Amino acid sequence: MIKTIYGTKDILPFEISKWVFLENMVREYFKRFNYKEIRTPVFEETILFSRGIGESTDIVSKEMYTFLDRSNTSITLKPEMTASVVRSVLEHSLDKQQILSKLFYISPMFRQERPQAGRLRQFHQFGAEAIGVNSPLLDAEMIVLSYQILKQIGLQKLTVKINSLGTPEERSKYKDSLKTYLEIHLSSLSEDSKKRFYTNILRIFDSKDGGDIEVMKNAPLLIDHLGTGSTEQFETVKSILSELNIPLEVDPKLVRGLDYYTHTTFEILSESVGAQSALLGGGRYDLLAEQIGDRRVPGVGFAAGLERILLACENEKLFAPESDKIDLYLIRLDKELLVEVGLIANRLRAEGLIVEFDYADRSVKAQMREANKLNSSHSLFIGGEEYKDGKLLLKNMNDGDQVVINKDEIHKILNVIKG
RNA sequence: GUGGGUAUAGCUCAGCUGGUUAGAGCGUCUGGUUGUGGCCCAGAAGGUCAUGGGUUCAAAUCCCAUUACUCACCCCA
């Protein structure tokens, strides 16, 4: 038996309505904020991600689906969307056509990680990127927009975390002072953190190792090394958000795992999912365009995990079990009338009714049971004496009332049902 | 990559300390008189008890391995 690949899932018919609901909600909100949808290919040249996201990041160093195609080009299935969107903006010079490109997407992503609750190898994200203008208003807008979407969906147990990573210069200065501090304590760090010391030193803040946490308590914080410009920008973002009553938690240890972030970074967490509690994350990336292109273009964005949001929704019981309905189920009384039933169904479907009938040549009882199971508002009996007299029997499945309809007045069925 | 857990019908799960033909609920199908659903009732189909070894007179049950799934670490949405 061939099965789905490890870490991938089918989304079956009975759960599609939840996805459509979320997608509609997301589209509606992006529309209000005037973001335009963008779709990019599922695969790109590997170098886009290795350069954009950063060689030393976990995503690039061990999680990408990378392969050589038949002409020996290194191809990678997109592990995230920001690099692709920025690439697209640069490639098509959207940044030269307008001062600001406000874009959103809903798309599958691929990362070869070990699956667990809220983490799959093919997963879905929606997100936004505002590219071209460096304004704290946009940083704030990303958080407002994403927070409101989650709220609108009905999620309750949310935490918004925010931090600033400053400019590259501030960051590298800060890294130096962090290095100086950690060199003294290097021997007492965990093995993982020792590695991080060389690869991605900021991540040591995220360590859950007791010894590491002890050491990091007294470590210098980036937030104290920001210049006045960065501090001002950060303060502006925070004050806009507090004016809008977005509950903020400043987390100086919030260090995101992608290299391109500058200034504002943020995450929204939920208590209603498993250990992978980040529903969405994002931040400003003023360096990225230059990394993968030929010019400096500022940007800010976020990405949200659909599966995690769905998981949170389920745990907070936000989805009422909704039952599908159909308008009409055709009951075939005589076996010979197979073709006629098909013709009538076709005519009524052309009128816009949702019509179903039995394809399996089953008994009337079975057909009625099916009509009931499908939640059909009416059923139409085709056959017998009435049919010979040019008549059909239309039955209301709720109250059991039946009316006679002339065969050549099928449009009347429409009136009764849609009444 | 590292650790823990689980694996019995389409689904959710029983099956106690090893002992006859492996069960339930739901779902599916059929029927409860000629052509009428829901509720109810009756019946049927459906399982190499994940796979391979081992212990034993006897294994779904105990042991080992493999595989799959799952949760957690790492990291991320």
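Side-chain atoms are counted along with the backbone in the values below, which use heavy atoms only and exclude waters and symmetry mates. Predicted model, so just to flag it, every value in this text is computed and none were measured. Order of the sequence lines fixes the chain letters, A, B, ..., with proteins taken first and strands second; residue numbering starts at 1 for each chain.
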Between [options], which nucleotide has the shortest distance from any of its atoms to the side chain of [X]?
X	options	value
A/Lys9	B/U70, B/G35, B/A72	B/U70
A/Leu333	B/C29, B/A77, B/G35	B/G35
A/Tyr6	B/U30, B/C73, B/U70	B/U70
A/Val364	B/U70, B/A72, B/U36	B/U36
A/Asn372	B/G38, B/A77, B/U30	B/G38
A/Met368	B/C73, B/G37, B/C69	B/G37
A/Met397	B/G37, B/C69, B/A77	B/G37
A/Ala275	B/A77, B/C73, B/U30	B/C73
A/Arg369	B/G32, B/C29, B/A77	B/G32
A/Glu63	B/G32, B/C75, B/A77	B/C75

Rounded to whole angstrom, note down the [atom1] distance from [N] over to [M].
N	M	atom1	answer
B/A50	B/G35	P	47 Å
B/U2	B/U61	P	28 Å
B/A42	B/G47	P	24 Å
B/G10	B/C49	P	13 Å
B/C41	B/G27	P	12 Å
B/A59	B/A22	P	14 Å
B/C71	B/C16	P	27 Å
B/C13	B/U56	C1'	29 Å

Do [X] and [N] share a donor-acceptor pair, side chain to base, under 3.5 Å?
X	N	result
A/Arg119	B/C75	yes
A/Lys365	B/G37	no
A/Lys395	B/U36	yes
A/Gln402	B/U36	yes
A/Glu113	B/G1	no

Starting from [atom2] on [N], measure out to [atom1] on [X] and report it in whole angstrom.
X	N	atom1	atom2	answer
A/Gln125	B/A77	CD	C1'	5 Å
A/Arg121	B/U70	CZ	C1'	14 Å
A/Gln122	B/A77	CD	P	17 Å
A/Leu120	B/C75	CG	P	20 Å
A/Leu311	B/C71	CG	C1'	12 Å
A/Glu267	B/A77	CD	C1'	9 Å
A/Phe110	B/C75	CZ	P	24 Å
A/Ile59	B/A77	CD1	C1'	9 Å

(message) For A/Phe67 and A/Tyr65: C-alpha separation, side-chain torsions, deciding distance, then whether ring-ring contact (aromatic ring centres under 6.0 Å, His included) applies.
(response) CA-CA 7 Å; A/Phe67 57 94; A/Tyr65 278 100; 8.9 Å; no
(request) Kindly check if the number of other-residue, nucleotide or ligand heavy atoms within 6.0 Å of NZ (A/Lys157) is above 12? (result) no
Examine [N]: is either OP1 or OP2 under 4.0 Å from a nitrogen or oxygen in the side chain of [X]? Give yes or no.
X	N	answer
A/Arg114	B/U2	no
A/Ser363	B/U30	no
A/Gln116	B/A72	yes
A/Lys373	B/G27	no

Under a 3.5 Å cut-off for both distances, is [N] Watson-Crick or wobble paired, and to whom?
N	value
B/A22	none
B/A65	B/U51
B/A60	none
B/A9	none
B/G3	B/C71
B/G37	none

(request) Would you mind telling me which residue lines up with the more 5' stretch of RNA chain B, A/Gly7 or A/Leu306, judged by nearest nucleotide? (result) A/Gly7
Check this for me: does any side-chain nitrogen of one of [X] and [Y] sit under 4.0 Å from a carboxylate oxygen of the other?
X	Y	result
A/Lys179	A/Glu183	no
A/Arg39	A/Glu37	yes
A/Lys18	A/Glu314	yes
A/Glu386	A/Lys407	no

How would you label the contact of [X] with the nucleic acid (heavy atoms, under 4.0 Å): base, sugar-phosphate, or nothing?
X	result
A/Ala278	sugar-phosphate
A/Leu393	base
A/Gly383	nothing
A/Gln112	nothing
A/Gly281	sugar-phosphate
A/Gly127	nothing

(message) Please tell me whether A/Asn134 and A/Gln233 have a donor and an acceptor in their side chains that are separated by less than 3.5 angstrom.
(response)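 Indeed, the side chains of A/Asn134 and A/Gln233 share at least one donor-acceptor pair under 3.5 Å.
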(request) Ignoring hydrogens and angles, state whether a donor on the side chain of A/Asp139 or A/Thr264 is under 3.5 Å from an acceptor on the partner side chain. (result) yes
(message) Check the orientation of A/Phe104 and A/Phe30. Use parallel for under 30°, tilted for 30 to 60°, and perpendicular for over 60°.
(response)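 Ring orientation, 0 to 90° scale: parallel.
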(message) Is the base of B/G35 stacked against the aromatic ring of A/Phe381, taking ring centres under 5.5 Å apart and planes under 30° as the test?
(response)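 No; centroid distance or tilt outside limits.
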(request) Decide side chain to side chain contact (heavy atoms under 4.5 Å, CB included) for A/Glu307 and A/Trp19; before the verdict, give the C-alpha distance in whole Å, the side-chain angles of both, and the deciding distance to 0.1 Å. (result) CA-CA 9 Å; A/Glu307 281 85 354; A/Trp19 284 81; 3.5 Å; yes
